[in-house]
Amino acid sequence: MIKRKLPENSNNVNNDFCDFLMELAEYEKNVSRNIYKFNAYRKAASTLASHPVRIKSGQEAKKLNGIGDKIASKLDEFIETGQLEKVKKIREDNTNSIINTLTRVSGIGPAKAKELIADGIETIEDLRKHTEKLNHHQIIGLKYLEDFETKIPREEIEQIEVVMRSKISELDSQFEIIICGSYRRGKQESGDIDVLISHPSYTSHDTKSDNKLLENVVNVLKSCQLIVETISLGSVKFMGACRIAKRSRRLDIRLTPYDQYFCAVLYFTGSDLFNKEMRAHALNNGFTLNEYTLRKIGSTGVPGEPLLVTCEEDIFDYIDYPYKKPEERNI
DNA sequence: ATGTGAG
DNA sequence: ACTCACATA
């Protein structure tokens, strides 16, 4: 699943307000490391995004959820002058731009970036000279920086899928295998490859952790040279890289319990926005839906036992939501 | 245990 | 929003 920095919403009359609020939010998270301010700005942006009429003053906006004195006066400044002094400062702030550079590397977040800056490291070239300051994940992220920033053509994922299916089936024909994310939604390009696997011998009732299913799959894909790097490998999630043509690609493989397979397929197919909408619809109809289960909410407000789900359509049926093919979930 | 990061 | 994996402590 591709992750977006700004929740884009095409017809939003308060778009410009949301943009500067999100810019402030990112700054508070990455530079000030203040998660409360980050959340406050995001909340304000999201209420404005779903507000149907354009805000004409801070005063007017203050009635809305998540907007108080401080944000109201920022809205006023923006309405009067067409910009925000604070945003101007942020754009000129060197630290901010260095953090944005360093966090391009997978595994480097704002905390690590600040630590590197304190050590005098400010560019990707600096990083290449000081790999001793990086952990395994970050070293892989740096090594494949350009590859990982390059979109993957659909045809290449199709090729990878063929190899993966044949090798995994060869290992054990009972494996369920599906590539989710934007690929399943029919996109011509994807940011990474998100594979879901499942096996009848592994269910949610099983006592966890000591199963070797995922490890075995990863080993098979390593020995046929499809997997070329491992970033991390636990009992249910692999993160790494695979290669079939010129470039290496980010590959995630998740092992999901057999009885939760379709909820996981739905969830990891996305889009994020589609999931959000569908979960909201579920809630309206008295259900709670997550990555694992669909449950009916009882009169006491407590979710009941997971409902039996034998395909994606079942989930739509239960909550009375018109079925959408994966290609129709690109919202 | 806690923090960081990814998705 | 929430979970998983990993690196520290």
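Each chain gets a letter, A, B and so on, in the order its sequence line appears, and its residues count up from 1. Heavy-atom basis, side chains included; hydrogens, waters and symmetry copies ignored. Source: prediction; values computed, not measured.
- Note: CD (E149(A)) to P (dA6(B)) measures 12 Å, nearest angstrom.
- Inspection of the T150(A) and D147(A) side chains reveals no N or O donor paired with an N or O acceptor under 3.5 Å.
- Under the 3.5 Å distance criterion, with hydrogens and angles disregarded, a donor-acceptor pair is assigned to the side chains of H199(A) and D172(A).
- A side-chain N or O of H130(A) and one of E132(A) form a donor-acceptor pair less than 3.5 Å apart.
- Every residue was checked against the side chain to side chain donor-acceptor pair (under 3.5 Å) condition with N94(A), not counting sequence neighbours, and none meets it.
- Rounded to an integer number of Å, the gap from CZ of R104(A) to P of dA6(B) is 14 Å.
- Between F287(A) and Y318(A), the ring planes are tilted. Angles from 30° to 60° get that label.
- Rounded to whole Å, the distance from NZ on K276(A) to C1' on dG7(B) is 16 Å.
- Note on R250(A): every side-chain N or O is 4.0 Å or more away from OP1 and OP2 of dA6(B).
- The closest side-chain heavy-atom distance from I35(A) to F38(A) is below 4.5 Å.
- Near DNA chain B, defined here as any heavy-atom distance below 4.0 Å, the residues from residues 121-140 of chain A are H137(A), listed numerically.
- Residues S32(A) and E28(A) bring a donor and an acceptor atom of their side chains to less than 3.5 Å of each other.
- Between L214(A) and R42(A), the one whose closest nucleotide on DNA chain C sits nearer the 5' end is R42(A).
- Atom P of nucleotide dG3(B) and atom NZ of K29(A) are separated by 17 Å, given to the nearest angstrom.
- Salt-bridge check for R154(A) with E158(A): passed, with a basic side-chain N closer than 4.0 Å to an acidic carboxylate O.
- As judged by a 4.0 angstrom heavy-atom cut-off over every strand, N290(A) is placed among residues making no nucleic acid contact.
- When only modelled atom types and interatomic distance are considered, R295(A) and T288(A) share no side-chain donor-acceptor pair under 3.5 Å.
- First and last contacts of DNA chain C with chain A, using any nucleotide atom under 4.0 Å from a protein heavy atom and ordered 5' to 3', fall at dA1(C) to dC6(C).
- Between I231(A) and Y292(A), the residue anchored closer to the 5' end of DNA chain C is Y292(A), taking for each the nucleotide with the nearest heavy atom.
- Taking atom CZ on F238(A) and atom C1' on dG7(B), their separation rounds to 15 Å, with Å as the unit.
- Rounded to a whole Å, the CG atom of L116(A) is 13 Å from the C1' atom of dT4(B).
- To the nearest angstrom, P of dG7(B) lies 17 Å from CG of N275(A).
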